[in-house]
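Report on the following structure.
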Amino acid sequence: MLYTCTIIVILFLCLIGYLVKFTVKDAADIITSPYNKRTSALAENTIRGKIQSANGKILATSEENDTNTRYYPYEDMFAHVVGYTGHGKAGLESAYNYELMTSHQELTTQFKNGLTNKKNTGDTLITTLDTRLQKAAYEALGSNRGAVVAIEPKTGKVRAMVSKPDFDPNELDEIWSEISSDNSTSSLLNRATQGLYPPGSTYKVITALEYLLENPSAVNDFHYICKGETIVNNVHINCYNQTEHGKEDMASALAHSCNTAFVTMGCELNLKKFLRLNQTCLFDSSIPFDLAVSKSRFGLNEKSDKSDLPQAVIGQGDTLMTPFHNALIMCAIANNGELMKPALLEEIQSADGTNIKSFKAEKYRTLLDASDASILKDMLKQAVTDGTGYEVDTDLYTAAGKTGTAENEGENAHAWFVGFSNVDDPDLVVCVIIENIGTGSHYAAPVAREVFDSYYNNEMYKTYR
């Protein structure tokens, strides 16, 4: 009898556990699955909710008609991050489909709608995106292929995310056949989160960090004479245009992006420790985010040959990363080593404006010690005031960052810049990638400058601080 009762209790607890798991974790996915008949029922009875920017602008809305037409007021500008419906779903439209199709209007309103055969209105997503910053990033990138990401390092809030080539989600029916089959442009790809690129010299920040970890006094003790080229592990390495930088210490080597100095540093590293640091810094790892993020890949492993090191430590070889990931590493440096969980939502509201759920800033992981972050911040500031990031140097704010010129299979290099503003109390991290155009100094840094300028000229920093 006791044995039977025990079995019944265990089965009951298992049932309760399953119901809790279903309610908390699985319900939304199952309810909105295309194989679930309730999905069409939701659409029949609910007007899809709005998506709104942090500064109160409508990014997506629906009209109540026979087709429940979705309208995107900013057309191409938010195409990848906000996404689309029809021909499947993407972006926030996909990630929060359940919330957009669920109504928390007042019960009296829902009751009246039921009596008059009207649809209820789904909940509203209040995003972290700012239309002013998005516009600045979109216009600064121009007709170039690439991406721009802007994130608050203290909160993880994404204020802008642009990817080009783009498309107008209002015209998806007309252009779908063309853009879905054109592999040469990959217009549907969100390059910010899913584009994988060799990081070039922006990766030197990771090499510098590992060298500091293994040689704590390196900031004062490292000295090198650059002759514009060197041979390490039987690999010939040039500085850009074979520039002879002359006497370099660790900070000036980063500021001038001296390849030969960094190859010399990098080939002295302990490979196992270096691999662990890359894992800590989210290479070959999933990154938690509302949108799909491709895994960045570090080009070395424990069996790598010594001849693979020289290219890897300067961000070439087989290493690939997303602009979003590059921005997050810089966020951790700016935020004293702490990476906040990246976020695209501030709040979910009912159509009546009642708060349903708020999203608070949340620490994700410590990537480096505060003391090492402080050293890197000083070095990155020097890279702007006395180095390759000179295009971001201004009297309007202080800035720190790293340029990159990444060789690839195209005719011209990919141009990178990643950095942050207001160095002593960082406000904003901006990462720019422009495909097949040239140097990061000449092409990516000026784009970042325009985004930073917009942030301060519009006084957004007063709103969000």
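Pairs passing the salt bridge (charged side-chain N to carboxylate O under 4.0 Å, His left out) check and including a residue from residues 391-402, sequence neighbours excluded, do not occur. Residue pairs meeting the salt bridge (charged side-chain N to carboxylate O under 4.0 Å, His left out) criterion with at least one partner in residues 180-202, sequence neighbours excluded, are R191-E435. Residue pairs meeting the ring pair (Phe, Tyr, Trp, His ring centres under 6.0 Å) criterion with at least one member in residues 112-158, sequence neighbours excluded, do not occur.
For E362, the salt bridge (Lys or Arg N to Asp or Glu O under 4.0 Å) test picks out no residue, with sequence neighbours left out. Every residue meeting the side-chain hydrogen bond (donor to acceptor under 3.5 Å, both in side chains) condition with E152, not counting sequence neighbours, appears here in chain and number order: T155, R159. R48 is linked by a side-chain contact (heavy atoms from CB on, under 4.5 Å) to S62, R70, T85, K89, E93, N97, L100, M101, counting only residues two or more places apart in sequence or in another chain. In terms of the salt bridge (Lys or Arg N to Asp or Glu O under 4.0 Å) criterion, residue partners of K154 (sequence neighbours excluded) are, by chain and number, D425. Checked against ring-ring contact (aromatic ring centres under 6.0 Å, His included), Y364 has no partners two or more places apart in sequence or in another chain. Scored by the ring-ring contact (aromatic ring centres under 6.0 Å, His included) test, Y443 finds no partners at all (sequence neighbours excluded). Residues satisfying the salt bridge (Lys or Arg N to Asp or Glu O under 4.0 Å) test with D130, not counting sequence neighbours, are R132. Partners of H87 by ring-ring contact (aromatic ring centres under 6.0 Å, His included), not counting sequence neighbours, listed by chain and number: W176. With sequence neighbours excluded, no residue forms a salt bridge (Lys or Arg N to Asp or Glu O under 4.0 Å) with E302.
With 3.5 Å as the limit, one finds no donor-acceptor pair spanning the side chains of Y461 and S421.
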